[in-house]
Amino acid sequence: MSGSLLAWYDRYARVMPWRVGPADRAAGIRPDPYRVWLSEVMLQQTTVAAVRDYFRRFTDRWPTVTDLAAAADAEVMAEWAGLGYYARARNLLKCARAVVADHGGVFPATREGLLALPGIGPYTAAAIAAIAHDEPATVVDGNVERVMARLHAVETPLPAAKPELVALAAGLTPADRPGDYAQAVMDLGATICTPRNPACGICPWSAPCAARARGIAAQLPRKTPKAAKPVREGTVWVARRADGAILLETRPERGLLGGMPGFPGDGWDGAGGGPPLAGDWRLAGEARHTFTHFHLILSVMVDPDASDAPLRGAFVARPAFRPADLPTVMRKVWDIASGTFGHS
DNA sequence: CAGCCGTGGAT
DNA sequence: TATCCAAGGCT
C-alpha cells in the first residue's frame, strides 16, 4: 500500500522551506528537528501558504532552538502577529526554553519525550518523530483523517470517528521511510484527496479506495454540524498623545489574543473596563472581524490629542509602535483610527 | 469532552 | 455575503 504512495511522493512532493531536497534525502540527511518542530507548530490549523514567510522570518532571526529560547517574549509575539492562535507562540517559547533547560538544547527523539513538551500534542509529536527521526510513528491530522475515511469508507461522522481513523492509519504506517510516508499522506490529502472535488482520477490510491468504488468519496468524512457563530459588539479606544505616542495594553496571558498587544476595550472579550483615560472621544468608525467562534463588531473611538495619564495600558512612542506587531483585528482598528488622524 | 482559540483563501 | 476549511492543543 505505501509503495504506490511513496512512488507518487518521490515524483510530486511539494517543495517547502522546511523540507530537505531529494538529493540530501537520498544521501541519508535528516531534516533539522528544530525546523521540523517550528514548521509543524506553525502548520497547526494553518495553511502552507500562510506559514511560508513566517517560517523564513523565524529561522532567519532565530536559526537554532537555543537562539529562540533566548529571545524576549514580546519579540516572538510580534514576529508571530497575524498568524493566529497565539497560544502556539506562547507555548513555542516555553517549549524552546524547556528543550534548552531540560534537554541540553536537543529535541527528544521519541514520541513520548516530545509529547511532554508544551504545545506538542499527539499529531506534532508523531510528525517530528517520523519526519526528523524516521520513527514509525502514526501521524494523524485532518488530511489523514479524510484519506482514511475515504480509503475505508468510514461513514461515522467526525469527531466520533477519530479513534477508528487513527487505528486504520496505524495499520498502514510502514516501517520503511515512515517520515516520507507521513508527509506523502498529508500531501495527498492537500493536493488530490481534497475536501471537495477530490481528483480520484490521478490518485495513487484510487484502486484500493472503498469510497471511490461506492461513488461517495466527496461526501466523506461526514461531520456533525457545528453551531452558528453569535455576534458580539463592543468598543475600543485608540488614544494618541501630542508627541504621537499610542496607547496600548498587553492582553492577559490566557484567553483571546492572549499575550498580544491591543487597544483597550470595554469587555467585548470578557475583560472589563471603560475608556482608558478621560479624553475627548469621538467615533472613528466600525471594525468587523470574525474569530473562530464569534463575529465581532467594534466601535472604534479615537482621541487624537490625549493628555491625561492612562488608567490602563501604556503609551508607546510612535517609532516603536508597529501596526504589523498587532493581531489582525487590532490592525483593522488601527487602520480605521489612523485614517481619521491623517486629516484631523 | 466539548468549548475555546485566528486568520485568510476558496467556493 | 456566508460558510467552510487548514499539517491541533489545551482545559
Side-chain angles (χ1 to χ4, degrees), chain A residues 13-14 16-19 31 35-55 77 80-92 94-95 114-132 137-147 158-160 162-163 166 169 179-191 193-197 218 221 223-232 251-260 262 269-270 288-296 326-332:
Chain A
R14 294 189 291 173
M16 301 182 194
W18 47 86
R19 285 186 174 170
R35 295 167 65 88
V36 174
W37 163 71
L38 180 61
S39 66
E40 290 301 340
V41 172
M42 287 183 167
L43 285 163
Q44 289 167 6
Q45 296 291 288
T46 308
T47 58
V48 168
V51 164
R52 274 207 167 86
D53 289 344
Y54 281 87
F55 179 82
M77 299 310 287
W80 195 276
L83 196 55
Y85 284 139
Y86 298 97
R88 293 184 296 171
R90 301 193 301 272
N91 285 329
L92 193 77
K94 287 181 193 166
C95 181
L114 291 161
L115 209 43
L117 291 165
I120 298 183
Y123 163 77
T124 305
I128 297 172
I131 296 169
T138 299
V139 174
V140 183
D141 72 332
N143 288 305
V144 177
E145 288 177 3
R146 184 171 57 256
V147 171
L158 282 169
K162 180 78 182 280
V166 169
D180 288 340
Y181 169 81
Q183 295 174 90
V185 187
M186 293 190 284
D187 270 19
L188 186 74
T191 63
C193 196
T194 52
R196 318 173 237 231
N197 305 320
K223 298 190 176 181
T224 55
K226 37 184 112 172
K229 298 184 202 300
V231 178
R232 283 190 212 170
R251 302 175 56 80
E253 278 295 302
R254 320 187 67 109
L256 192 73
L257 308 178
M260 295 296 288
D269 51 3
R288 292 172 177 271
H289 191 75
T290 298
F291 293 99
T292 306
H293 52 296
F294 66 94
H295 301 286
L296 177 64
L326 300 174
T328 298
V329 62
M330 294 298 172
R331 211 175 316 174
K332 290 181 181 177

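Just so it is clear, the model here is predicted, and its values are computed rather than measured. Each chain gets a letter, A, B and so on, in the order its sequence line appears, and its residues count up from 1.
- Every side chain to side chain contact (heavy atoms under 4.5 Å, CB included) that A:Thr191 has, sequence neighbours left out, goes to A:Trp8, A:Arg14.
- Rounded to a whole angstrom, the distance from the P atom of C:dT11 to that of B:dG6 is 14 Å.
- Legend: residues meeting salt bridge (charged side-chain N to carboxylate O under 4.0 Å, His left out) with A:Glu145, ordered by chain and number and at least two apart, are A:Lys162.
- Under 4.0 angstrom from either OP1 or OP2 of C:dC10 there lies no side-chain N or O belonging to A:Arg90.
- A:Pro327 comes within 4.0 angstrom of the backbone, heavy atoms only, and of no base.
- Partners of A:Phe291 according to the ring-ring contact (aromatic ring centres under 6.0 Å, His included) rule, which considers only residues two or more places apart in sequence or in another chain, are A:His289, A:Phe294.
- Note: CG (A:Leu114) to C1' (C:dG8) measures 15 Å, nearest angstrom.
- In this structure, the side chains of A:Tyr123 and A:Val140 stay at 4.5 Å or more apart for every pair of heavy atoms.
- A:Arg331 comes within 4.0 angstrom of no nucleic acid atom, judged by non-hydrogen atoms across all strands.
- Protein chain A touches strand DNA chain B; the 5'-most and 3'-most nucleotides with an atom under 4.0 angstrom of its non-hydrogen atoms are B:dC4 to B:dG8.
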For nucleotides 4-6 of chain C, list the nitrogen or oxygen atoms of the protein found under 3.5 Å from its nitrogen or oxygen atoms, one pair per line.
{"unit_1": "C:dA6", "atom_1": "OP1", "unit_2": "A:Arg146", "atom_2": "NH1", "d": "2.9"}

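- Residues passing the salt bridge (charged side-chain N to carboxylate O under 4.0 Å, His left out) test with A:Arg288, sequence neighbours excluded: A:Glu286.
- A:Thr138 is linked by a side-chain hydrogen bond (donor to acceptor under 3.5 Å, both in side chains) to A:Thr173, counting only residues two or more places apart in sequence or in another chain.
- Atom name P, nucleotides B:dC5 and C:dA2: the rounded distance is 23 Å, in whole Å.
- In terms of position along DNA chain B, the nucleotide closest to A:Pro159 lies nearer the 5' end than the nucleotide closest to the other residue of the pair A:Pro159 and A:Phe291.
- Here A:Arg35 pairs with nothing under the side-chain hydrogen bond (donor to acceptor under 3.5 Å, both in side chains) rule; sequence neighbours left out.
- For the pair A:Leu117 and A:His295, both in contact range of DNA chain C, the more 5′-proximal nearest nucleotide belongs to A:His295.
- Side-chain contact between A:Arg251 and A:Met77: absent, with no pair of heavy atoms (C-beta onward) separated by less than 4.5 Å.
- Partners of A:Arg88 under the side-chain hydrogen bond (donor to acceptor under 3.5 Å, both in side chains) rule, at least two apart in sequence or in another chain, are A:Thr46.
- Within 4.0 Å of A:Gly82, counting heavy atoms only, lie sugar-phosphate atoms of the nucleic acid but no base atom.
- With sequence neighbours left out, the side chain to side chain contact (heavy atoms under 4.5 Å, CB included) criterion links A:His293 to A:Arg232.
- The shortest side-chain heavy-atom distance between A:Pro31 and A:Ile131 falls under the 4.5 Å cut-off.
- As judged by a 4.0 angstrom heavy-atom cut-off over every strand, A:Met16 is placed among the base-contacting residues.
- Here A:Thr124 pairs with A:Gln44 under the side-chain hydrogen bond (donor to acceptor under 3.5 Å, both in side chains) rule; sequence neighbours left out.
- Contacts of A:Leu257 with the nucleic acid, taken as non-hydrogen atoms under 4.0 Å apart, involve only primed sugar atoms and P, OP1 or OP2.
- Comparing the C1' positions of C:dA6 and B:dC1 gives an interatomic distance of 23 Å, to the nearest angstrom.
- At a threshold of 4.0 angstrom between heavy atoms, the contacts of A:Val144 with the nucleic acid are absent.
- Within 4.0 Å of A:Thr328, counting heavy atoms only, lie sugar-phosphate atoms of the nucleic acid but no base atom.
- The stretch residues 119-128 of chain A touches DNA chain C through A:Gly119, A:Ile120, A:Gly121, A:Pro122, A:Tyr123, A:Thr124, each having a heavy atom within less than 4.0 Å of the strand.
- Positionally, the nearest nucleotide of DNA chain B for A:Ala50 lies more toward the 5' end than for the other of A:Asn197 and A:Ala50.
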